[in-house]
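Inspection log for the structure reproduced underneath, given as structure tokens.
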Amino acid sequence: MSGRMQDVHLVEVDEHDDPATPAARSRTRRDEPPAEPSTGAAPAPVPPPGGGDRPDAAAAARGWVRRHLRLVVPAVLGAAALLVGAQALLDARERARVEALADVRGVLRPVDPDLGVRWAAGAEDARVVESGVLVDGLVVGAAPLPSAQVQVRALDERTGALRWTRELDLPTPLMTPDAADPATWTVCTTAGAPARAGADGSTADARPVVGCLAQQPGSDIGPPPDVSLWFLDARDGTLLSTQRLPGDAAFTVLDGRFLTAIRVEEQVDSARWRVMATDPATRDVLWTWTTPRLAAPRVTQPTDVWSSSFASLDARGDRVLLAVGTSSWLLDGDGTFLRRDRLEPGWWPELARGGAVVHSTWSEDGRPQARLLRSDGTSATVDATPMWLRVDDGSVPGSVLFATRDVGPSGVVASVSARDASTGDLRWRVTGVEATSALLLDDRLYVVGADGLAAIDARTGAVLWTTALGRTVDEVSTDGRWLLLRGPGPVVEAYATGDGGRAWRADLTGEVLEAGTNLRVGWQVPRMYALRTDGSVAVLG
């Protein structure tokens, strides 16, 4: 032994490459240079093919991959699985989001590029689609019949098939000058009965209740005709209860409760108004509240819509707003009195987002004005009117949205703004954006007007994008995925919510619908539909 340390060249061997096997020996002979006779010195480096001092990089890479293949393949497969899983999770979240939005009023059923007629029906069902409501998978609506009757019809939302009908008698019809059958105005809406506590303390689910009303047009002389109301089980048309209200009564529905405001305790030139909440299925009284006595002369046909002879009733969230003459009263959802506000002649009250009360009017020069009332009796003056939202998913709570469009010396100036529902403080304002139609979805306010389509961050007022349309559009709709614009004619355009780019366009002209047929969007029936020239209806999907 020489005593000198030897230079050693280590070679990593894959555990599957047993040097004892012929295949391994073959690979060793093929991949490694022939061994030099041992001289006790380190072997000289072997130059790569073609000369040079560096080893063959490609060969080294192939060797590395070959040696680490057992580790690389699982890593690649794992990364791919993570990407697929992440995409699947995103898709599942999007489906869940869209499904949740299906319960938001005004959100349409999915509208896709292959949009076509899902089902068609005759003129009698056109009235059902126009004035009806979707309840428990059925489109329920009323159509007038001869001889002072109405027929409530229930159509399958997916196929249009007739599921049940119910004929109802109107009260004694008003006489007409030509002795013809009197016209009747009909409409239906949801009125799910409140959930009830069972004997064992459990809470039963509310039955699907639909409320339908009918009223004949009044004349210029005499009191307005009475209103007939029927509450039916939407599943089979079973008649649950009926009511008949005076023509000057106000009524609405709130969370399964039927609310009415009726003039009571009448005296000469004075009366009180009683607000009553009842279970629409049983007519059980849930709560009542009555105004103080008011100066209210009985006038059958007032020329002033703010006359103290009539009341207005509004309900939203957990608030109820009654207005009569020069006063408005705010109640909680259980009938608890909260406050009374003065209502000036020529102003109208309404409940806005966040439980805010807003009084609005138009100035003599045609400019909108509003007052957002605070709980301490003061108010914030706003040079705009509350924005009507076709869709409001409840995002950005506590903000009241306003819109205005002024015509001045420099032309039309439009703006939208947001104010705090409690204080009336201005949160943000965007000038130069018109809101002929608007919807609120996922913290974004989408508006359409003469300037085109725009998206605004409803939390900050930042304009996210604008899209010029080159035409006038009166209304924007959504299915939760696309912003949908209709017309002219039987045409639908879909725009992306992310950047406002047009995603697709569907033209139903031809065999599907006649040219010039305008599409409509249901308010209580979440589908697009078209009324054909023969009076029939085509529901799209």
Side-chain angles (χ1 to χ4, degrees), residues 94-95 97-98 101-102 104-120 129-130 387-393 403 405 414 416 430 432-458 463-533 537-541:
E94 178 64 11
R95 287 193 299 270
R97 186 187 70 85
V98 174
L101 286 174
V104 177
R105 190 168 187 173
V107 175
L108 302 179
R109 292 290 190 260
V111 179
D112 296 309
D114 59 351
L115 182 67
V117 175
R118 190 176 186 91
W119 52 267
V129 174
E130 282 192 285
M387 188 183 300
W388 183 81
L389 298 170
R390 179 169 186 84
V391 171
D392 185 350
D393 67 349
R405 185 177 184 272
V416 296
V430 177
V433 174
E434 184 177 4
T436 302
S437 177
L439 54 89
L440 184 64
L441 192 66
D442 296 331
D443 295 333
R444 288 187 173 190
L445 177 66
Y446 300 98
V447 299
V448 68
D451 301 320
L453 188 63
I456 300 171
D457 188 324
V463 178
L464 304 176
W465 52 258
T466 59
T467 299
L469 300 175
R471 63 186 178 93
T472 300
V473 178
D474 296 330
E475 189 175 60
V476 59
S477 306
T478 186
D479 63 352
R481 304 174 303 164
W482 312 106
L483 302 175
L484 303 166
L485 306 180
R486 293 170 286 118
V491 174
V492 178
E493 292 180 341
Y495 291 81
T497 58
D499 59 10
R502 195 175 81 174
W504 51 265
R505 182 178 186 270
D507 189 344
L508 281 68
T509 305
E511 297 181 0
V512 180
L513 292 174
E514 302 88 347
T517 302
N518 290 324
L519 303 182
R520 302 187 182 188
V521 173
W523 172 235
Q524 298 188 116
V525 178
R527 288 194 179 274
M528 287 188 181
Y529 66 94
L531 294 180
R532 289 177 163 146
T533 55
V537 64
V539 177
L540 309 182

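Atom set for the values below is all heavy atoms of this structure, side chains included, hydrogens, waters and symmetry mates excluded. Note that the coordinates shown come from a computational prediction; the quantities given were computed from them, not determined experimentally.
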Practice item. Would you check, one step at a time, whether the test side chain to side chain contact (heavy atoms under 4.5 Å, CB included) holds for Val111 with Trp504? Key: CA-CA 11 Å; Val111 179; Trp504 51 265; 3.8 Å; yes

Practice item. Report the C-alpha distance between Leu440 and Met387 in whole Å, list the side-chain angles of each, state the deciding distance to 0.1 Å, and finish with yes or no for side chain to side chain contact (heavy atoms under 4.5 Å, CB included). Key: CA-CA 11 Å; Leu440 184 64; Met387 188 183 300; over 6 Å; no

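Between Val433 and Ala454, the shortest heavy-atom distance links the atoms CG1-CB, 4.3 Å. Closest approach of Leu108 to Gly522, counting heavy atoms only: CD2-O, 4.4 Å. Closest approach of Ala435 and Val447 over heavy atoms only: CB-CG1, 3.8 Å. Closest heavy-atom contact between Val107 and Pro526: O-CB, 3.3 Å. Nearest approach of Leu519 to Pro490, heavy atoms of both residues: CG-CA, 3.8 Å.
In terms of the side chain to side chain donor-acceptor pair (under 3.5 Å) criterion, residue partners of Asp112 (sequence neighbours excluded) are, by chain and number, Arg481. Under the side chain to side chain donor-acceptor pair (under 3.5 Å) criterion, Arg520 pairs with Glu130, not counting sequence neighbours. In this structure Arg118 satisfies the side chain to side chain contact (heavy atoms under 4.5 Å, CB included) test together with Arg158, Arg527, sequence neighbours excluded. Trp465 pairs by the ring-ring contact (aromatic ring centres under 6.0 Å, His included) definition with nothing, not counting sequence neighbours. The side chain to side chain contact (heavy atoms under 4.5 Å, CB included) search around Val525 returns Val139, not counting sequence neighbours. Considering only residues two or more places apart in sequence or on other chains, Thr467 meets the side chain to side chain donor-acceptor pair (under 3.5 Å) condition with none of them. In this view, Asp457 and Arg459 satisfy the salt bridge (charged side-chain N to carboxylate O under 4.0 Å, His left out) rule, not counting sequence neighbours. Listed by chain and residue number, Arg390, Arg486 satisfy the salt bridge (charged side-chain N to carboxylate O under 4.0 Å, His left out) test with Glu475 (two or more places apart in sequence, or in another chain). By the side chain to side chain donor-acceptor pair (under 3.5 Å) test, Asp443 pairs with no residue at all, sequence neighbours left out. Listed by chain and number, the residues in a salt bridge (charged side-chain N to carboxylate O under 4.0 Å, His left out) with Asp392 are Arg316, Arg353 (sequence neighbours excluded). Shown here are the side chain to side chain contact (heavy atoms under 4.5 Å, CB included) partners of Thr472, two or more places apart in sequence or in another chain: Asp474. Partners of Arg505 by salt bridge (charged side-chain N to carboxylate O under 4.0 Å, His left out), not counting sequence neighbours, listed by chain and number: Glu493.
Of the possible donor and acceptor atoms, one in the side chain of Ser437 sits under 3.5 Å from a partner among the backbone N and O of Val476. Counting only distance, with no hydrogens or angles, the side chain of Glu434 and the backbone of Ala450 share a donor-acceptor pair below 3.5 Å.
Here the CG atom belonging to Leu469 is positioned 6.0 Å from the CG atom belonging to Leu453, to the nearest 0.5 angstrom. Rounding to the nearest 0.5 Å gives a distance of 5.0 Å between CG of Leu540 and CG of Leu115. Atom-to-atom distance recorded for Arg444:CZ and Leu483:CG is 9.5 Å, nearest 0.5 angstrom. Note that CE of Met528 and CZ of Arg109 are 14.0 Å apart. Values are rounded to the nearest 0.5 Å. Once rounded to the nearest 0.5 Å, the distance linking CH2 of Trp388 with OG1 of Thr436 reads 12.5 Å. Atom CH2 of Trp482 sits about 15.5 Å away from atom OG of Ser477, to the nearest 0.5 Å.
The shortest side-chain heavy-atom distance between Leu531 and Val537 falls under the 4.5 Å cut-off. Between Leu484 and Val492, the closest side-chain pair of non-hydrogen atoms falls below 4.5 Å. Side-chain contact between Val448 and Tyr446 is absent, with no heavy atoms from C-beta onward closer than 4.5 Å.
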